[in-house]
Amino acid sequence: MTAVRLREVTVRYERLVALDKLDLTLDEGQCLGIVGPNGSGKSTLLKTVAGLVTPVSGIVEVFGVPPRRLEPGTIAYVPQVEAVEWNFPASVADVVAMGRFPRMHPLSRFSRRDRQAVDSALEALRLGDLRNRTIANLSGGQQQRTFVARAIAQEPRLLLLDEPTTGVDAATEDALLELVRGLVKQGLPVLMTTHDLDRAADWFDRLMVVDRRVLANGDPETVLASGAYAGIREHSHVHGHARTEPGTVP
Amino acid sequence: MSDVLVAPFQFEFMQRAFVAALIVGTLCSTIGTYVVLRKLAFIGDGIAHASFAGIVIAYLRGLDYYVGAAIVAVATALGIGFVNRRAKVSLDTAIGVLFTGAFALGVFLMSRLPNYNVDLQGFLFGNILAVSRADLVLILVLSALVSIVLLLLYRPLLYTSFDPVVAEASGIRVAFIDYALLVMLALTIIVSLEAVGIVLVAALLVTPAASAYQLTRRFTRMLALSVAIGASCAVAGLYLSYYLHSASGATIVLLATLVFFMAMASSALARRRSRLSL
């Protein structure tokens, strides 16, 4: 079954085109990697699928309906940079437990099932020993793992990961890879942006090169061999196509 | 000692004042926890000042002053939320624009009245001793409404206070939660006006929660501590004002401020001990 379908989606930030008539299809049980230079619209693409950004034209469907009409808890999203108040009075377990909130009835208590989901997410991300630690006292990698654990505890039908391996050590990346591949095997569709192409074949069933529009799309080996990504990276390097350049997008 | 505690209760107006103080202290410190965590301290002050326009309009129309204040306070709260979302200005800018506008409207309307004889001091600084039986019923009803809504929205409020972007992506209607909090905040301010007045209500919203924030790094404990501090300061402040013959609202707020500095000192001491033990 198709989990995500984008047809000719155009997103603008005022006069700036972030996505230009972009097409995308993601099936259940598939992990799709999105690569592209800084400012190519990768994060905007995830935000569009999550319903956080509204396109000016085109169709966005998640499980056949617009994202904002989905049942609460359907999509779990892990942004690249968490804009949270780090001094918020919450422990790692408190933050991971928030993943259960979207599906919970206002008056229902935290059930054994909810507790199990939180515990297994903490274990999967190797956060068991840190569960009572205040989030202000975590390293960058531990914070990232906490937010991935919250997404896993949500038990979503679609997982969106924006560069989840940035700032994490090799062991954590391995654990994350194993976890995501396990979830994909169980049928979860995953859409993930990355800069790291070395392990693209391990992570992804399909790889898509994006620079506001789709430049290449297919299995990782074929896409990498096509040189589409190397081409735009070279172009970016030569022409200073960086995040700070006017005209780039988040 | 028991005589000291019981003596104020011989007067019926003091009995009503204690009930009102307990409710207002509890309610303000509960919603104040979200106000502090969302960095909305300025909004309490803003909505309270904006309600002044409602009092003047109610006077002109021959309505109950608190009904007028409530309508303008809720409208201002919703307006602040709307301007913040639609005009792409920061929340403190939206508050600054709307509350000064509403307050100016109140002053403008009042300046055009030849015989304006509303007890302004009562609204500005509160007079909890003047709470009537009807006022108490209104306070109870509005407090029950606010408490039920806060209880029902406990989890979405917590999630959106911490991480609104991810909460929205997961399907929580963040705009609805934000507007609901603003309306509950406006009603809480109206409930508190008679106790502490327009000028001091912001302190009752912010100070107990800020004190609790010094003492813990867990949300549920912060909420419980904030309520304990808010309710006890309101009741103890009223006792003090009875024996010191001082203004009740100001005494309550001064006591809460004292507790804040004690919490701050306690927190600094605990941090120092923790550093020394490392």
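Proteins get letters first, then strands, A, B, ... in listed order; numbering begins at 1 in each.
Of all the heavy atoms in A/P106 and B/R155, the pair that sits closest is O-NH1, 3.8 Å.
The residues A/E85 and B/K39 are annotated as salt-bridged, a charged nitrogen and a carboxylate oxygen being separated by less than 4.0 angstrom.
Of the listed residues (A/F101, A/F147, A/Y77), the greatest number of heavy-atom pairs within a distance under 4.5 Å of chain B belongs to A/F101. Chain B forms the most heavy-atom pairs under 4.5 Å with one residue out of A/N87, A/L70, A/T74, A/V78, and that residue is A/N87. Across A/P72, A/G51, A/A97, the residue that shares the most heavy-atom pairs under 4.5 angstrom with chain B is A/P72. Among the candidates A/A76, A/G73, A/A50, A/S91, the residue making the largest number of heavy-atom pairs closer than 4.5 Å to chain B is A/S91.
Contact of A/V49 with chain B is not made at all, since no heavy-atom distance falls under 4.5 Å. For B/L153, no part lies near chain A; criterion is any non-hydrogen pair under 4.5 Å.
Atom CD1 of A/I135 is separated from atom CZ of B/R217 by 10.5 Å, given to the nearest 0.5 angstrom.
At a heavy-atom cut-off of under 4.5 Å, chain A is reached by B/Y159, B/S161, B/F162, B/D163, B/V165, B/V166, B/E168, B/A169, B/S170, B/G171, B/I172, B/R173 from residues 159-174 of chain B, listed in order of number. Residues of residues 255-266 of chain B lying under 4.5 angstrom from chain A, judged on non-hydrogen atoms, do not exist here.
Within a 6.0 Å sphere centred on CZ of B/R85, heavy atoms belonging to other residues, nucleotides or ligands number more than 12.
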Should A/D94 and B/F219 be marked as a side chain to side chain contact (heavy atoms under 4.5 Å, CB included) after you check the CA-CA gap, both sets of side-chain angles, and the distance that decides it? CA-CA 9 Å; A/D94 292 337; B/F219 178 77; 5.8 Å; no
